[in-house]
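Below is one structure; the comments refer to it alone.
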Amino acid sequence: MANTTYDVVIIGAGPVGENIADRVVQGGLTAAIVERELVGGECSYWACMPTKALLRSATALRAARRLPGAREAVAGDLDAAAVLRRRDSFASHWTDEGQVSWLDSAGIALYRGQGRIGPDRVVEVTGEDGGPTSLTARHAVVVATGSSALLPDVTGLREAAPWTSREAAAASKVPGRIAVIGGGVVASEMATAYASLGSVVTVLARDGVLPLTEPFVGERVTNSLREAGVSVRIGAEAASVNRDGDGTVHVTLTDGEQIEADELLVAIGRTPNTQDIGLDKIGLKPGAWLTVDDTLRVIGEDGTPVGGGWLYAAGDVNRRALLTHQGKYQARAVGDVIVARAKGEAVEDRRWGRHVATADGRAVPQVVFTDPEVASVGLTAAAAEATGLRIRVVDYDLAAVAGSALHAEGYQGHARMVVDEDRLVIVGFTLVGPDVAELLHAATIAVVGEVPLDRLWHAVPAFPTVSEVWLRLLEAYGR
């Protein structure tokens with residue numbers, strides 16, 4: 001068996017693994033990355049990029065139709081085939097030559113196959129041809145294997161060959177009818193996308209639409225989906241599923257009602273890709289989420305770093321924040337702290353230090369690309385109260401801002417800021433409305449920077465932009 005030594009070995013070549021390897025190499029160490037599928041990972045081929053490509057054309061069309069003068073210039077409906085072709089280009093036609101080329105140019109070694117961790121910083125790689133390779137890490141092994149769609153234990157579900165987020169993102173044609181089990185981000189975005197592409201969509205949202213957001217968000221997105229012709233069934237739960245000989249899927253609900261569709265998308269959550277990476281060889285449970293300390297070293301049940309501190313986990317597998325941008329943020333911290341420890345440099349592990357992912361706790365930004373868009377960062381009002389904070393909630397009608405009226409005729413939206421009354425800083429911010437995604441980073445800076453409200457008063461929003469909502473919220477608060 002071939003045996004090669006690197007300073008760092010990373011399992012998983014998605015955005016998280018790629019960024020870790022890049023930081024490590026830029027820090028003067030050597031790195032190898034192991035990947036069993038496509039370099040670039042879930043985000044590049046089955047999530048962020050292709051799904052947003054599916055959504056964007058319809059968003060642009062709706063924007064044009066909301067403006068007098070522009071709407072008269074719009075002829076015809078969305079060209080679904082053209083949307084799918086554009087989606088294909090953003091998924092690089094499911095080939096990874098470009099990303100492999102980047103790894104080579106960055107000086108990062110690539111090993112294709114299944115990587116399994118062993119004791120003493122060893123990763124055994126079973127190649128695509130079945131041949132074994134042994135990689136030894138001088139300093140660290142990092143798990144960046146991501147997560148996969150979770151399938152619930154519903155009678156007949158697996159046998160019915162349902163779609164997960166992967167199939168929804170990569171479909172070669174638009175189904176006439178699609179049923180969606182779930183009401184979260186993936187379910188809501190794909191319901192929006194496929195309704196725009198011409199499918200008859202039914203959403204079975206047992207816990208409601210976007211239940212982890214502020215309540216007004218779910219209400220507005222639910223209403224918008226229904227206005228688009230989507231049947232949103234709040235509280236509905238699947239009891240059994242069957243796909244018959246002609247391909248029709250039959251979903252029987254717990255109340256006995258039956259839903260028929262050509263495809264069934266299951267989008268109820270994620271499960272970690274840790275089943276077959278050798279965790280049992282180092283005293284950890286295969287298939288489990290990995291718990292990490294502040295510097296993202298994997299820790300065992302006793303609270304101490306596994307193996308003395310050479311094993312790290314970043315991205316979805318540590319369950320801190322299952323978002324690509326947050327995983328890449330963790331990757332920067334992991335790469336830099338590994339370099340620091342390897343060189344004997346000081347580790348900045350204080351709150352907001354360079355080598356910790358402090359923002360994972362209370363400053364995670366997220367955009368949901370539904371119609372209307374949802375942009376949020378930090379804590380919801382309910383979550384803030386649950387942590388024991390003394391808060392004040394300030395709401396404002398986004399449509400009342402002059403820039404909104406200019407942005408689109410009949411603009412509808414809402415903004416909320418959650419204020420920590422003891423420190424007079426914002427701990428949560430939520431926007432819902434057309435094109436609010438690009439407003440989010442200002443809120444993220446305010447939350448991460450813990451900018452006092454008195455100082456925010458001096459951050460003057462340009463007129464006439466939708467950003468003027470910041471001034472209106474501060475006026476409503478009374479600062």
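Just so you know, residue 1 is the first one in the sequence shown, and it goes up from there. All values derive from a computational prediction rather than experimental measurement.
Side-chain atoms of Y45 do not come within 3.5 Å of backbone N or O of H93 as any donor-acceptor pair. A distance-only check finds a donor-acceptor pair linking the side chain of T358 to the backbone of W352 [under 3.5 Å]. In terms of modelled atom types and a separation under 3.5 Å, the side chain of T370 and the main chain of P372 share a donor-acceptor contact. Of the possible polar contacts, one joining the S188 side chain to the G183 backbone as a donor-acceptor pair under 3.5 Å is found. The closest donor-acceptor contact from the side chain of H355 to the backbone of A333 lies at 3.5 Å or more, if one exists at all. No donor-acceptor pair under 3.5 Å is formed between the side chain of Y312 and the backbone N or O of V334. Under a 3.5 Å cut-off, the side chain of T202 and the backbone N or O of A179 do not form any donor-acceptor pair. For E373 (side chain) and A437 (main-chain N/O), a donor-acceptor pair under 3.5 Å exists by modelled atom type. A donor-acceptor pair is defined here as one N or O able to donate and one able to accept, closer than 3.5 Å; no such pair exists between the side chain of S376 and the backbone of F429.
Under the 4.5 Å side-chain criterion, counting only non-hydrogen atoms from C-beta, V436 is not in contact with V466. No side-chain heavy atom of L264 sits less than 4.5 Å from a side-chain heavy atom of I178. You'll find the side chain of T192 reaches within 4.5 Å of the side chain of L225, heavy atoms only. Proximity of R320 to Q330: side-chain heavy atoms (C-beta onward) are separated by under 4.5 Å at one or more points. Counting heavy atoms from C-beta on, the side chains of L290 and L284 come closer than 4.5 Å. Residues Y477 and L453 form a side-chain contact, since some pair of their non-hydrogen atoms from C-beta on lies under 4.5 Å apart. Annotation: side chain of H407 is in contact with side chain of D435 (closest heavy-atom distance under 4.5 Å). Contact check for V83 versus L78: side-chain heavy atoms found under the 4.5 Å cut-off.
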Query - Verdict with reasoning, T304 to I299, per side-chain contact (heavy atoms from CB on, under 4.5 Å) - result: CA-CA 5 Å; T304 62; I299 57 176; over 6 Å; no
Requested in this report: Decide yes or no on side chain to side chain donor-acceptor pair (under 3.5 Å) for R270 and S165, but give the supporting numbers first.
Outcome: CA-CA 10 Å; R270 308 289 294 179; S165 53; 3.3 Å; yes
Report task. Given salt bridge (Lys or Arg N to Asp or Glu O under 4.0 Å), test E385 with R390 step by step and report yes or no. Result -> CA-CA 7 Å; E385 287 182 332; R390 188 173 66 91; over 6 Å; no
Requested in this report: Step by step, work out the salt bridge (Lys or Arg N to Asp or Glu O under 4.0 Å) result for K173 and D262.
Outcome: CA-CA 12 Å; K173 63 179 181 179; D262 300 301; over 6 Å; no
Report task. Check the pair V185, L210 against side-chain contact (heavy atoms from CB on, under 4.5 Å), reporting the backbone distance first and the verdict last. Result -> CA-CA 6 Å; V185 174; L210 300 174; 4.1 Å; yes
Query - Working for side-chain contact (heavy atoms from CB on, under 4.5 Å), residues Q366 and V377 - result: CA-CA 6 Å; Q366 183 173 18; V377 62; over 6 Å; no
Query - Evaluation steps, side-chain contact (heavy atoms from CB on, under 4.5 Å), between D349 and D294 - result: CA-CA 7 Å; D349 57 0; D294 287 344; 5.5 Å; no
Requested in this report: May I have the step-by-step check of side chain to side chain donor-acceptor pair (under 3.5 Å) for S148 and N273, ending in yes or no?
Outcome: CA-CA 6 Å; S148 297; N273 292 331; 2.5 Å; yes
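Interatomic distance, CG of L197 versus CZ of R87, reported as 9.0 Å (0.5 Å rounding). To the nearest 0.5 Å, the span separating OG on S57 from CG on D79 amounts to 9.0 Å. Atom CG of L431 sits about 12.0 Å away from atom CE of M417, to the nearest 0.5 Å. Distance OH/Y329 to CG/D360: 6.0 Å, rounded to 0.5 Å. Between R392 atom CZ and D420 atom CG the span is 13.5 Å, to the nearest 0.5 Å. Rounded to the nearest 0.5 angstrom, Q26 CD and N19 CG are separated by 9.5 Å.
Between D395 and R416, the closest heavy-atom pair is OD1-NE, 2.7 Å. Counting all heavy atoms, side chain and backbone alike, D96 lies closest to L38 at OD2-CA, 3.4 Å. Contact record, S467 with L439: OG-CD2, 3.3 Å, taken as the closest heavy-atom pair. Summarising the geometry of A384 relative to I391, their closest heavy-atom pair is CB-CG2, 3.8 Å, with the distance given to 0.1 Å. The minimum heavy-atom distance linking G208 with I234 is given by the pair CA-CD1, 3.9 Å. Here the shortest heavy-atom pairing between A195 and V201 reads N-CG2, 3.7 Å.
More than 12 heavy atoms of other residues, nucleotides or ligands sit less than 6.0 Å from atom CG of D302. For R65, the CZ atom sits in a packed shell: over 12 heavy atoms of surrounding residues, nucleotides or ligands are nearer than 6.0 Å. Atom CD of E37 has more than 12 neighbouring heavy atoms from other residues, nucleotides or ligands inside a 6.0 Å radius. Enclosure of atom CD in E301 is not indicated, since only 12 or fewer non-hydrogen atoms of other residues, nucleotides or ligands lie within 6.0 angstrom.
Between R166 and E42 there is a salt bridge, since at least one side-chain N of the basic residue sits less than 4.0 Å from a carboxylate O of the acidic one. For the pair R66 and D371, the salt-bridge criterion is met [side-chain N within less than 4.0 Å of a carboxylate O]. Between E189 and K52 there is a salt bridge, since a side-chain N of the basic residue sits under 4.0 Å from a carboxylate O of the acidic one. Look at D336 and R341 and you find no salt bridge, because none of the NZ, NE, NH1 or NH2 atoms lies under 4.0 Å from a carboxylate O. Salt-bridge formation is detected for the pair E237/R206: a Lys NZ or Arg NE/NH1/NH2 atom is positioned less than 4.0 Å from an Asp or Glu carboxylate oxygen. Ion pairing between E257 and R233 holds under the 4.0 Å rule for side-chain N and carboxylate O.
Donor-acceptor pairing under 3.5 Å is recorded for the side chains of S147 and D316. Using modelled atom types and a 3.5 Å distance limit, the side chains of S196 and R62 yield a donor-acceptor pair. T164 and E167 share a donor-acceptor pair across their side chains, judged by distance under 3.5 Å alone. Inspection of the D397 and H414 side chains reveals no N or O donor paired with an N or O acceptor under 3.5 Å.
The ring of W470 has its center no closer than 6.0 angstrom to the ring center of Y396. Aromatic ring centroids of Y194 and W163 lie under 6.0 Å apart.
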